[in-house]
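Below is one structure, written out as structure tokens; comments come after it.
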Amino acid sequence: FAAAADAAGKRILFPASDRAADTLPDGLAALGADVVRVEAYRTRYASLDGARCLAAVAAGEVDIVTFASPSAVDGLGAALGEPALRELLAQAAVAVIGPTTAGALVRRGRVPDAIASPATLDGLVAAATVAHRRFTERKLPCRS
């Protein structure tokens with residue numbers, strides 16, 4: 001919008017989740033747009049059998065964890081508990097959809113093995129492949 005000098009005086013509808021950051025509407029408003037923010041949906045966490053998930057991790061059944069939003073990181077932490085989430089993230093490759101999601105992960109002490117580029121589901125699939133390779137290479141014993 002800034003490059004096109006397009007936002008000034010425009011009225012822009014911003015449908016968003018209840019958890020969406022203000023980055024985009026604030027940026028558009030700074031360019032002179034009248035931004036109308038509407039809560040289009042709410043993020044809710046699903047219940048999860050934490051014991052079953054942790055058993056799968058302990059059994060080596062989880063190779064890769066993917067996150068498509070910061071709220072997914074938060075939701076898994078809420079469902080498993082932070083200590084269990086840390087255990088999971090230490091034992092599996094991790095791929096995220098973009099830098100905001102990576103930030104949510106880093107705040108929990110885990111740098112993702114790969115970040116999707118582009119930030120799409122196809123990009124996340126490709127990042128998961130890269131994450132698995134990088135994670136596996138880190139775990140290989142040194143050879144002489």
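- A chain of hydrophobic side-chain contacts below 4.5 Å, direct or via other Ile, Leu, Val, Met, Phe, Trp or Tyr residues, connects Phe14 to Leu28.
- In terms of modelled atom types and a separation under 3.5 Å, the side chain of Asp63 and the main chain of Ala93 share no donor-acceptor contact.
- Residues Tyr45 and Arg19 come closest through the heavy atom pair OH-NH1, 2.5 Å.
- For the residue pair Ala72 and Ala68, the shortest heavy atom distance occurs at CB-N, 4.4 Å.
- A distance of 11.5 Å separates OG1 in Thr129 from CZ in Arg134, rounded to the nearest 0.5 Å.
- Closest non-hydrogen pair, Ala131 versus Ala95, comes out as CB-CB, 4.0 Å.
- From Glu39, atom CD reaches atom OG of Ser17 across 7.5 Å, with rounding to the nearest 0.5 Å.
- For the residue pair Arg108 and Arg86, the shortest heavy atom distance occurs at O-CG, 4.4 Å.
- Put simply, the side chain of Pro25 does not reach to within 4.5 Å of the side chain of Val36, judged on heavy atoms.
- Here Val96 is tied into one hydrophobic group with Leu48, Val57, Val62, Val65, Phe67, Val73, Leu76, Leu80, Leu85, Leu88, Leu89, Val94, Leu105, Ile115, each link being a pair of ILVMFWY side chains closer than 4.5 Å.
- Taking both residues in full, the closest heavy atoms of Gln91 and Phe135 are given as C-CZ, 3.6 Å, listed atom of the first, atom of the second, then distance.
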Worksheet item: Passes side chain to side chain contact (heavy atoms under 4.5 Å, CB included), Thr43 versus Asp18? Steps please.
Response: CA-CA 7 Å; Thr43 301; Asp18 60 324; 3.8 Å; yes
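- Here Arg11 pairs with Asp34 in a salt bridge; the nearest charged N to carboxylate O distance falls below 4.0 Å.
- Put simply, CD1 on Ile12 and CG on Leu31 are 8.5 Å apart, with the number rounded to the nearest 0.5 Å.
- Remark: Arg37 does not engage Asp26 in a salt bridge, criterion side-chain N to carboxylate O under 4.0 Å.
- The local environment of CZ in Arg44 is crowded, with over 12 non-hydrogen atoms from other residues, nucleotides or ligands closer than 6.0 Å.
- Here the CD-NE2 distance, from Glu137 to His132, works out to 10.5 Å after rounding to the nearest 0.5 Å.
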